[in-house]
Number of protein chains: 2
Amino acid sequence: MNIPIGELARRTGVKVPTIRFYEQIGLIAAPPRTEGNQRRYGKPEVDRLNFIRHARELGFEVEHIRGLLAMSQEPQASCHQADSIAKAHLLEVDRRIERLQALRGELSRMIDECGHGRICDCRIIEVLADHRQCASEHAA
Amino acid sequence: MNIPIGELARRTGVKVPTIRFYEQIGLIAAPPRTEGNQRRYGKPEVDRLNFIRHARELGFEVEHIRGLLAMSQEPQASCHQADSIAKAHLLEVDRRIERLQALRGELSRMIDECGHGRICDCRIIEVLADHRQCASEHAA
DNA sequence: TCTTGATCCTCTAGTGGCTAGAGATTCTAG
DNA sequence: CTAGAATCTCTAGCCACTAGAGGATCAAGA
């Protein structure tokens, strides 16, 4: 315990200025300070920050994360509300997965079909150039 | 030909201010203007913008797109670079899908349990907070 | 105790990739 | 000729950081 900000950064992979930024926007609470005005953190902050980092990596917006955090910290709160928030999140997550999988398919198809030769035969470029014509004609 | 910017926007799905922005950052060339200083585009710009839009939708960064565009204009060059840009991107997409699926599982578990009246053991935070421990121990 | 160098502080400004809005001009159909 | 849609430039804003200046504090060793 009594972790200084740099150590917190090391443990969570969130950079020091970003931690201060999160405090500023109220995503994490302002921790106690030393006599000399330096921040000191505890174990809960490590968890919370790790959570935030993963959620950010997953592409959730800060506002979204605020909701998830709030939900997780009110175990006694009305189940109705938590339920509907969670369901909305689930829907959103499903949409994301769907889109990423479509994207994945397209990317990997592109890569497969790239003959590793000249640009003029490279499907990566071709596919990006025009989605609708790529299977049919390319001589005008 | 002689397409005004709004028409270009309609044909490519890229918004008017975004087209001007792309010109500003040099992603597309400054087109000729009318007497009255309005931009007029031709067919090549439509293609180029479509390429850009599609690549952006696939999540490629502008700098990557710059590279892909440059490559596409040297048809004799090797497509090795395009291939590696796309592969790196694919890896990233895979990582995202994996994490989202973990989150999805946890969310839907929560929702199930919520149906039974208890959210007091919500583990959303744990799941996202520390990826490495979630399968093993959660009683300290 | 003093010093040194790593870490910390606050503050302002910059980044990417747009997006919005003001206020003026130009184009085009009737 | 005119009305109104589209265009122009410019500035400022958005989100989620990131960088850097300039100074204070902390911990370990001499």
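Naming: A, B, ... by sequence-line order, numbering from 1 per chain.
- Salt bridge annotation for A/Glu23-A/Arg39: present, with a cationic side-chain nitrogen under 4.0 angstrom from a carboxylate oxygen.
- Between A/Thr34 and D/dC26 there is a side-chain N or O to OP1 or OP2 distance below 4.0 Å.
- In terms of position on DNA chain D, the residue among B/Glu7 and A/Ile25 whose nearest nucleotide sits closer to the 5' end is B/Glu7.
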Each nucleotide N or O in nucleotides 22-24 of chain D that has a protein N or O under 3.5 Å away: list the pair and distance.
none

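- The nearest heavy atom of DNA chain C to B/Glu35 and to B/Val62 marks one nucleotide each, and the one closer to the 5' end goes with B/Val62.
- Rounded to whole Å, the distance from CZ on A/Phe21 to P on D/dA16 is 7 Å.
- At the phosphate of D/dT7, neither OP1 nor OP2 sits under 4.0 Å from any side-chain N or O atom of B/Arg39.
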Stepwise side-chain contact (heavy atoms from CB on, under 4.5 Å) check, A/Leu69 with A/Ile52: CA-CA 9 Å; A/Leu69 280 168; A/Ile52 292 170; 4.1 Å; yes
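- Counting only heavy atoms from C-beta outward, the side chains of B/Ile3 and B/Lys43 never approach each other to under 4.5 Å.
- Set against D/dT18, D/dA16, D/dT9, the side chain of A/Thr18 has D/dT18 as its closest nucleotide.
- For the pair A/Asn37 and A/Lys15, nearest-nucleotide mapping onto DNA chain D gives the more 5' position to A/Lys15.
- When side chains are defined from C-beta on, B/Val62 counts as touching B/Ile25, because their heavy atoms get closer than 4.5 Å.
- Atom CG in A/Leu27 sits roughly 14 Å away from atom P in D/dC15 (whole-Å rounding).
- The side-chain heavy atoms of A/Val16 and A/Arg20, taken from C-beta on, include a pair separated by under 4.5 Å.
- A straight line from OH of A/Tyr22 to C1' of D/dC15 spans 11 Å, rounded to a whole angstrom.
- Counting to the nearest Å, the C1' atom of D/dT25 and the CZ atom of A/Arg33 are 13 Å from each other.
- With a 4.5 Å cut-off on side-chain heavy atoms, B/Thr34 and B/Asn2 do not count as touching.
- Here A/Arg56 reaches the OP1 or OP2 of D/dC17: one of its side-chain N or O atoms lies under 4.0 Å away.
- A heavy-atom distance below 4.5 Å is found between the side chains of B/Ile19 and B/Tyr41.
- Rounded to an integer number of Å, the gap from A/Ile3 CD1 to D/dA27 C1' is 18 Å.
- Follow the hydrophobic side-chain contacts under 4.5 Å out from B/Leu68 and you never reach B/Leu91; the two are in separate clusters.
- With respect to B/Glu45 and B/Arg48, no salt bridge is recorded, no charged nitrogen being found less than 4.0 Å from a carboxylate O.
- The CD1 atom of A/Ile19 sits 14 Å away from the P atom of D/dA19 (whole-angstrom rounding).
- At a threshold of 4.0 angstrom between heavy atoms, the contacts of B/Arg10 with the nucleic acid are absent.
- Counting only heavy atoms from C-beta outward, the side chains of A/Pro31 and A/Arg40 never approach each other to under 4.5 Å.
- Whole-Å rounding puts the B/Glu61 CD to D/dA16 P distance at 17 Å.
- The nucleotide range of DNA chain C contacted by chain A, defined by atoms under 4.0 angstrom from heavy atoms of the protein and reported 5' to 3', is C/dC8 to C/dT10.
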